[in-house]
Number of protein chains: 10
Amino acid sequence: MLFHVKMVVKLPPDLPAETAQRLIADEKAMAQRLQQEGVWRHLWRIAGQYANFSVFDVESPAQLNELLFQLPLFRFMEIEVDALCRHPSSIHEDER
Amino acid sequence: MLFHVKMVVKLPPDLPAETAQRLIADEKAMAQRLQQEGVWRHLWRIAGQYANFSVFDVESPAQLNELLFQLPLFRFMEIEVDALCRHPSSIHEDER
Amino acid sequence: MLFHVKMVVKLPPDLPAETAQRLIADEKAMAQRLQQEGVWRHLWRIAGQYANFSVFDVESPAQLNELLFQLPLFRFMEIEVDALCRHPSSIHEDER
Amino acid sequence: MLFHVKMVVKLPPDLPAETAQRLIADEKAMAQRLQQEGVWRHLWRIAGQYANFSVFDVESPAQLNELLFQLPLFRFMEIEVDALCRHPSSIHEDER
Amino acid sequence: MLFHVKMVVKLPPDLPAETAQRLIADEKAMAQRLQQEGVWRHLWRIAGQYANFSVFDVESPAQLNELLFQLPLFRFMEIEVDALCRHPSSIHEDER
Amino acid sequence: MLFHVKMVVKLPPDLPAETAQRLIADEKAMAQRLQQEGVWRHLWRIAGQYANFSVFDVESPAQLNELLFQLPLFRFMEIEVDALCRHPSSIHEDER
Amino acid sequence: MLFHVKMVVKLPPDLPAETAQRLIADEKAMAQRLQQEGVWRHLWRIAGQYANFSVFDVESPAQLNELLFQLPLFRFMEIEVDALCRHPSSIHEDER
Amino acid sequence: MLFHVKMVVKLPPDLPAETAQRLIADEKAMAQRLQQEGVWRHLWRIAGQYANFSVFDVESPAQLNELLFQLPLFRFMEIEVDALCRHPSSIHEDER
Amino acid sequence: MLFHVKMVVKLPPDLPAETAQRLIADEKAMAQRLQQEGVWRHLWRIAGQYANFSVFDVESPAQLNELLFQLPLFRFMEIEVDALCRHPSSIHEDER
Amino acid sequence: MLFHVKMVVKLPPDLPAETAQRLIADEKAMAQRLQQEGVWRHLWRIAGQYANFSVFDVESPAQLNELLFQLPLFRFMEIEVDALCRHPSSIHEDER
């Protein structure tokens with residue numbers, strides 16, 4: 001099932017640069033792995049903001065919860081989650 | 001270029017049922033035509049709400065504006081628009 | 001899977017009393033049927049407000065969406081949906 | 001009587017990891033004890049957020065207040081409280 | 001137990017004057033009866049606003065809910081409810 | 001004249017425990033003195049929140065301002081002030 | 001004593017022009033009378049908005065309440081009231 | 001002097017189409033006249049919304065107020081006004 | 001021309017007391033000088049809040065900007081600015 | 001294409017003065033370079049606030065994103081982005 005997720009990253013101003021860089025690198029690695037596995041189906045930067053719109057394809061809310069909590073930047077993010085379903089005007093049979 | 005659009009539909013309570021049905025049918029027809037043309041790239045219903053998240057692939061903000069104003073339900077919708085770009089953690093070369 | 005839903009009912013002031021009563025009766029009938037089927041797992045009135053907190057147990061976001069759209073009062077409600085999962089501090093094995 | 005409580009946890013970024021772990025462990029212990037006593041009737045994680053929806057069954061607002069203030073994470077939480085009562089469309093006689 | 005209630009009245013502009021006057025008179029009669037019974041313990045006008053702060057002394061959230069729903073102006077009011085309890089700095093033994 | 005005041009206390013996470021305890025004790029002492037003098041007429045804890053609803057009986061807005069600024073926790077509080085007056089539906093002659 | 005009042009006027013779109021003109025003329029007459037009496041001490045239009053900032057000099061919150069409720073446009077206004085007092089950095093002895 | 005103005009147009013759903021078209025035509029005529037006079041210096045449509053960002057060059061807040069109140073769509077618009085001045089990082093000597 | 005300004009002061013909890021006192025003294029000195037020069041025309045404390053409503057009489061938005069940026073507490077304040085003009089119901093010829 | 005950008009700068013209170021001055025100087029240098037290149041088309045200070053309204057002329061949302069992320073003050077800014085297009089009432093052929 002699909003979930004639409006908005007993530008806004010707010011790094012504390014006094015976070016050491018090294019720590020930030022490491023966290024961002026770890027976040028990128030995990031994001032890419034999840035994309036390759038097909039779980040993190042879409043990932044867009046919102047232009048001009050340290051934020052993204054994402055679509056996840058998971059088996060349950062529990063799996064979504066587990067993935068998001070494991071993100072290295074999780075505790076620095078404000079997250080909004082919305083469950084998606086097929087729109088009645090979609091031209092596709094599935095919720096794609 | 002891609003734009004993320006959230007549309008929330010608020011039909012006035014006293015809108016005649018026939019008018020509403022015609023508007024909704026026209027909206028669906030236009031939404032499907034734009035999807036087939038590749039302009040309305042994604043269209044998801046937000047579960048449990050008369051609302052959708054969409055992604056448009058247009059040539060300019062002007063084209064996006066023109067499309068949204070032509071939607072039959074436009075004047076009954078609250079719309080939020082965000083420009084998208086490729087996320088640095090994306091596994092794709094384009095902004096897909 | 002479980003979804004937490006908050007529904008706030010806002011009947012238009014000029015809705016005829018008969019129409020309102022019929023809608024409310026239909027809403028009640030559907031709510032009770034869904035409770036008996038186990039789909040509408042919890043239903044609480046928020047004290048002093050024309051609103052409720054509910055928990056639905058559905059097979060997919062699509063099913064939740066379908067149910068909520070069929071509610072007779074749907075177009076007079078403001079609805080918030082949140083996906084739930086088992087809390088790590090829960091004493092139960094499932095998300096009960 | 002029942003109260004619906006939403007708790008959002010916001011740990012300060014510079015809280016030492018040890019302190020955080022101890023607080024979280026203490027919180028879990030107290031949450032489980034209160035569940036076993038039947039006071040903390042429901043506890044759900046909101047998927048993807050460091051937050052929960054809970055339902056407490058207490059004898060008075062004073063008891064609810066006392067319990068929440070004793071939570072080890074209390075001072076790091078934003079809390080919303082709503083009194084509940086039986087919904088007129090409920091299929092149960094009590095406010096269950 | 002005590003509940004703090006804020007009521008903001010929003011009469012629709014096209015409500016006939018007679019209807020409004022009758023509703024207001026009925027509201028006043030019920031408010032005075034409940035004050036005399038000791039249930040509506042405090043009732044203050046917020047200066048310059050069609051609104052009041054009230055404190056109710058009821059036996060349960062269900063009773064509070066029942067009373068508020070019976071108010072003649074209920075469907076024209078925005079209502080906020082907060083459960084109260086004795087403040088640890090109060091000089092009184094009860095929650096007075 | 002009466003003022004309705006809502007105070008929400010937000011102690012900084014890194015405030016030393018000793019300082020916090022001293023501030024809270026001083027706050028309590030001042031709150032109790034003002035209650036005994038009849039100036040701080042009502043003081044209720046909002047159940048489950050580090051916050052209170054209060055009613056002050058003062059001679060002027062200036063006196064209210066002076067009192068609130070002297071509260072030991074003043075700089076850690078978010079405060080909302082509303083002037084009160086007798087409600088036309090009150091059963092009392094004064095604004096009690 | 002002084003109160004700062006913000007008034008935002010929202011005339012319903014279907015209010016007959018004659019009614020609106022009469023209300024506005026009555027409002028102006030009352031505003032001018034209260035200014036001449038020294039009660040409505042300041043009255044400024046917020047540039048570009050159908051709104052004003054005002055300062056009233058009244059004997060009590062009750063008098064302020066009475067005046068505002070008598071304004072012909074009262075039921076079409078959103079009103080915010082704040083009690084004022086002398087600022088410690090003022091060069092005047094009174095709250096002027 | 002320059003003012004930044006955001007205008008959001010909200011036409012009532014039951015406004016007759018003829019009235020709306022006439023108002024929109026009048027609005028356009030006035031907007032073009034003011035642009036030619038150099039008073040309405042910038043006028044941009046916000047893509048996908050019935051709204052614009054504008055910059056006015058006027059002699060006083062009073063002139064701005066007068067212009068905005070004369071707009072045919074004024075009473076159907078939500079307006080935000082911000083005074084502008086030269087930015088210290090601007091490459092121009094004036095506030096252009 | 002006149003501008004209405006609301007200033008809310010938020011001193012960081014860990015600001016050394018000496019620094020705070022010096023800033024407040026400097027702020028007071030500048031506020032009094034600007035009042036004597038007639039630029040800071042009104043200055044009221046909002047009762048019970050570390051905040052003020054002010055009216056400035058300046059020659060341009062640029063002058064207002066310059067003055068506010070020079071305030072010693074500027075970087076600890078949340079500021080709202082609204083341009084004022086003569087109200088059509090004012091009894092004065094100027095915008096006084 | 002044009003984007004309207006609002007930037008509000010919030011420097012942390014404990015940022016060393018030297019760091020702040022260097023960041024501000026770097027920001028100014030980059031802002032002036034981008035203005036000279038025609039990319040940062042408009043830059044206005046919002047009077048009395050540490051904030052600006054800007055209009056950027058870029059080739060894509062990606063370019064806008066890249067520019068904003070490179071701003072030395074980026075991580076201390078709250079940013080709002082809106083895509084612009086020619087307004088139908090504009091007297092210019094392009095979106096100028």
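Convention: sequence-line order gives letters A, B, ...; per-chain numbering from 1. All values below were derived from every heavy atom in this structure, side-chain atoms included, with hydrogens, water molecules and symmetry-related copies excluded.
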Is the number of heavy atoms from other residues, nucleotides or ligands under 6.0 Å of H:Glu59 CD greater than 12? no

At their closest point, which heavy atom of H:Leu84 faces which heavy atom of J:Ile46, and how far apart are they? CD2-CA, 4.5 Å

Check: J:Phe53 and H:Val55 side chains under 4.5 Å, non-hydrogen atoms: no

Report, in residue-number order, which members of residues 21-40 of chain J are under 4.5 Å from chain H by heavy-atom distance. J:Lys28, J:Ala31, J:Gln32, J:Gln35, J:Gln36

Residues, nucleotides or ligands: over 12 heavy atoms within 6.0 Å of H:Glu18 CD: no

Check whether the ring centres of J:His42 and H:His4 lie less than 6.0 Å apart, and answer yes or no. no

Residues two or more places apart in sequence or in another chain: which of them pass side chain to side chain contact (heavy atoms under 4.5 Å, CB included) with J:Asn52? H:His87, J:Met7, J:Leu43, J:Ser54

